[in-house]
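Report on the following structure.
Just follow the structure's listing: the first ligand is 1, and inside any ligand the first atom is 1. Remember, it's a predicted structure, so these values are computed and weren't measured experimentally.
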Amino acid sequence: MLPHRYPLLLSLALLAPPLHAQDGEQLYALYCSACHAPDGKGATGGAFPPLAGSEWVHGNPKRSVAIVLKGLEGPVDVAGKSYNLAMPPQGAVLGDDQIAAILSYVHSAWGNKGGEVKRDLVRAARSEFESRTEPWTAPELLKILPLEKKPTALANLTSRIYKGQWVQTPDFSKIEAENVEEEHHGMIDTTIAGLNQDFGIVWEGDFMAPVNGEYTFKLDADDGARLILNGHPVAEVKGLGPIGEKRRMSEGKIALKAGANPIRVEYFQGKGNQGISLGWKLAGAKQWQWLSPKNAQSQGAPTIPLLPKEDRTVIYRNFIEGTTPRGIGFGFPGDVNMAYSADNLAPELLWTDGFIDAGRHWTDRGMGFQAPIGENVVTLTAQRFLPPSARFKGYSLDPKGNPTFHVKMEGQLLRDAWAPGENGSLIRTLSLTGGSSVLEIPLGDNPEVTPAKSVSLSPGKPVTVTYKLN
Ligand code: HEC
């Protein structure tokens with residue numbers, strides 16, 4: 001009798017709404033709400049993690065697609081709380097359309113600010129992760145799909161790094177900075193210096209006040225720090241000591257106009273650990289908002305596995321194995337990486353196949369050098385060859401995060417710019433201004449990678465070389 005039923009089934013199928021028009025809210029109620037609760041706040045009073053306000057469903061939707069397809073297990077932090085549970089994979093049960101519908105709902109419900117999640121994205125992710133049989137762990141997933149950082153209220157932030165031994169916050173206007181950088185994430189974070197001991201940082205930028213009103217700022221530091229807004233001292237943590245002690249913390253109030261208010265934060269590290277925390281709130285508000293990595297403790301270490309984002313170069317400023325203590329790592333898009341030594345004033349390492357696991361190092365700060373993830377590390381020069389007068393003057397970043405290093409010599413300035421090229425290559429542009437001396441710059445002697453052994457650089461005549469890695 002079966003054949004007779006075909007036409008009926010067929011017409012039913014045709015009458016059914018197209019799959020992408022499936023109701024995400026209904027599907028959510030069926031497949032997710034038992035654990036994440038109908039209001040997205042996490043079932044059984046928050047014993048399960050929330051989806052409302054979760055950083056995991058903020059930004060790139062591929063991350064949540066990956067979680068629904070393959071599940072997630074082990075320790076994970078969601079909206080400031082830690083969980084250690086397991087979410088079963090649902091990729092076998094749910095079709096691409098259904099996952100797209102559910103996640104379009106999840107990413108835009110309960111105040112979440114994402115857009116529609118497309119079926120094609122789900123399909124592509126399904127085939128990308130096809131061979132995966134185990135649920136994700138949070139660190140694994142973050143390596144390939146890092147969380148977007150929420151911008152802070154700080155704009156146009158720069159940091160200046162100083163070196164010296166102090167027991168009080170010094171007068172930084174009398175000391176010369178070693179290094180000036182832009183801090184695109186708007187974070188007041190001591191770990192950017194990549195130093196453990198005896199340094200100072202001064203951040204300057206604009207505090208973008210949302211409205212006119214009275215603001216309270218809360219400052220804490222290991223060791224000392226000072227907060228200045230619109231030229232007025234607002235809070236100060238004095239002398240040497242740890243973070244997190246009530247008697248050292250400092251709170252101050254100031255009336256601000258909506259819009260940009262110049263802010264300056266001074267910090268010094270003298271003894272033991274490092275860290276700074278800076279929070280603010282409008283009069284009457286309950287919640288503090290943070291300008292530093294949240295709950296920065298001594299050694300305040302953000303957990304950011306470092307991998308280049310799709311089109312932005314990332315930086316790693318900490319000890320890197322194979323170069324000098326002041327090595328700075330750059331992970332370029334296209335999976336080519338470079339470490340520059342601010343001691344030897346030259347690029348020292350090139351490698352592919354994975355940049356650096358910063359999370360590992362930051363939890364183990366100061367405990368030796370971090371090896372690059374990739375194995376095919378090429379050493380370039382590994383020695384200082386510029387004249388003794390040469391001094392490192394920091395580096396600047398272009399909008400894509402690509403660095404230009406600045407080195408000053410008697411009457412001359414050397415600029416050393418790096419950017420990703422095609423097919424896993426790196427393009428280096430060297431230029432010299434001032435004076436008349438010609439500089440001989442060694443490029444390394446690995447014929448497979450380096451274009452030549454060295455180049456001669458004359459003032460006003462930039463030279464571009466391409467390193468081939470793949
Ligand atoms: C059986 C319970 C259960 C179901 C059903 C479930 N989840 Fe989860 N989900 C969890 C648990 C538990 C975690 C945290 C896992 C861990 O601790 O590693 C989690 C984590 C997540 C996360 C990342 C952390 C967060 O809270 O933002 C997302 C996103 C997520 N689930 C989405 C979904 C979606 C969408 C569905 C429905 C398709 C769903 N989950 C169904 C239990 C579940």
Please write down residue, atom name and distance for the protein heavy atom closest to [atom].
atom                    : answer
atom 17 (O) of ligand 1 : L85 N, 2.7 Å
atom 15 (C) of ligand 1 : L72 O, 3.6 Å
atom 3 (C) of ligand 1  : C35 SG, 2.6 Å
atom 13 (C) of ligand 1 : P49 CG, 3.5 Å
atom 24 (C) of ligand 1 : V78 CG2, 3.7 Å
atom 36 (C) of ligand 1 : C32 SG, 2.8 Å
atom 28 (C) of ligand 1 : L51 CD2, 3.5 Å
atom 23 (C) of ligand 1 : I67 CD1, 3.6 Å

Quick check on contacts: which atoms of ligand 1 are under 4.0 angstrom from a heavy atom of [X]?
X   : value
E73 : 18 (O)
S54 : 25 (C), 27 (O)
Y31 : 5 (C), 37 (C), 41 (C)
Q90 : 4 (C), 5 (C), 6 (C), 39 (C), 41 (C)
V76 : 16 (C), 17 (O), 18 (O)
G74 : 16 (C), 17 (O), 18 (O)
F48 : 12 (C)
N84 : 17 (O)

- Message: Using a plain distance cutoff, I'd like to know if W56 has any nitrogen or oxygen under 3.5 Å from a nitrogen or oxygen of ligand 1.
- Response: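 No: no nitrogen or oxygen of W56 is under 3.5 Å from one in ligand 1.
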- Message: Any nitrogen or oxygen of M87, side chain or backbone, less than 3.5 Å from one on ligand 1?
- Response: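 For ligand 1, there is no N or O atom that lies under 3.5 Å from one belonging to M87.
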- Message: Assess the residue pair L227 and L229 against the criterion (side chain to side chain contact (heavy atoms under 4.5 Å, CB included)); give the C-alpha distance rounded to whole Å, side-chain angles, the decisive distance to 0.1 Å, and a yes or no.
- Response: CA-CA 7 Å; L227 168 67; L229 268 150; 4.3 Å; yes
Can you tell whether the side chains of [X] and [Y] come within less than 4.0 Å, N to carboxylate O?
X    : Y    : answer
R123 : E128 : no
E214 : K253 : no
R264 : E204 : yes

Without swapping roles, check the side chain of [X] against the backbone of [Y] for a donor-acceptor pair under 3.5 Å.
X    : Y    : answer
N212 : A258 : yes
R119 : A100 : no
Q26  : D23  : no
W351 : T379 : no

With backbone taken as N, CA, C and O and side chain as the heavy atoms from C-beta onward, which portion of [X] lies under 4.0 Å from ligand 1: side chain, backbone, both, or neither?
X   : result
V68 : side chain
A34 : neither
I99 : neither
H36 : side chain

Taking the six-membered ring for Trp, are [X] and [Y] parallel (under 30°), tilted (30 to 60°) or perpendicular (over 60°)?
X    : Y    : result
F129 : W136 : perpendicular
Y105 : Y28  : tilted
F172 : Y162 : tilted

- Task: Taking all non-hydrogen atoms of both residues into account, name the closest pair between L278 and W290 and its distance.
- Result: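 Nearest heavy atoms, L278 then W290: O-CE3, 3.4 Å.
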- Determine, using heavy atoms of P50 and all atoms of ligand 1, whether some pair is separated by less than 4.0 Å.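 Contact present.
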- Under a heavy-atom criterion of less than 4.0 Å, does L103 contact ligand 1?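 Contact check L103 vs ligand 1: positive.
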- Message: Is it true that, when you exclude R428 itself, more than 12 heavy atoms of the residues, nucleotides or ligands shown sit nearer than 6.0 Å to its CZ?
- Response: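 More than 12 heavy atoms, drawn from other residues, nucleotides or ligands, come within 6.0 Å of this atom.
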- Partner of W418 by ring-ring contact (aromatic ring centres under 6.0 Å, His included), out of Y340, Y467, F330: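 For W418, the ring-ring contact (aromatic ring centres under 6.0 Å, His included) check succeeds only for Y467.
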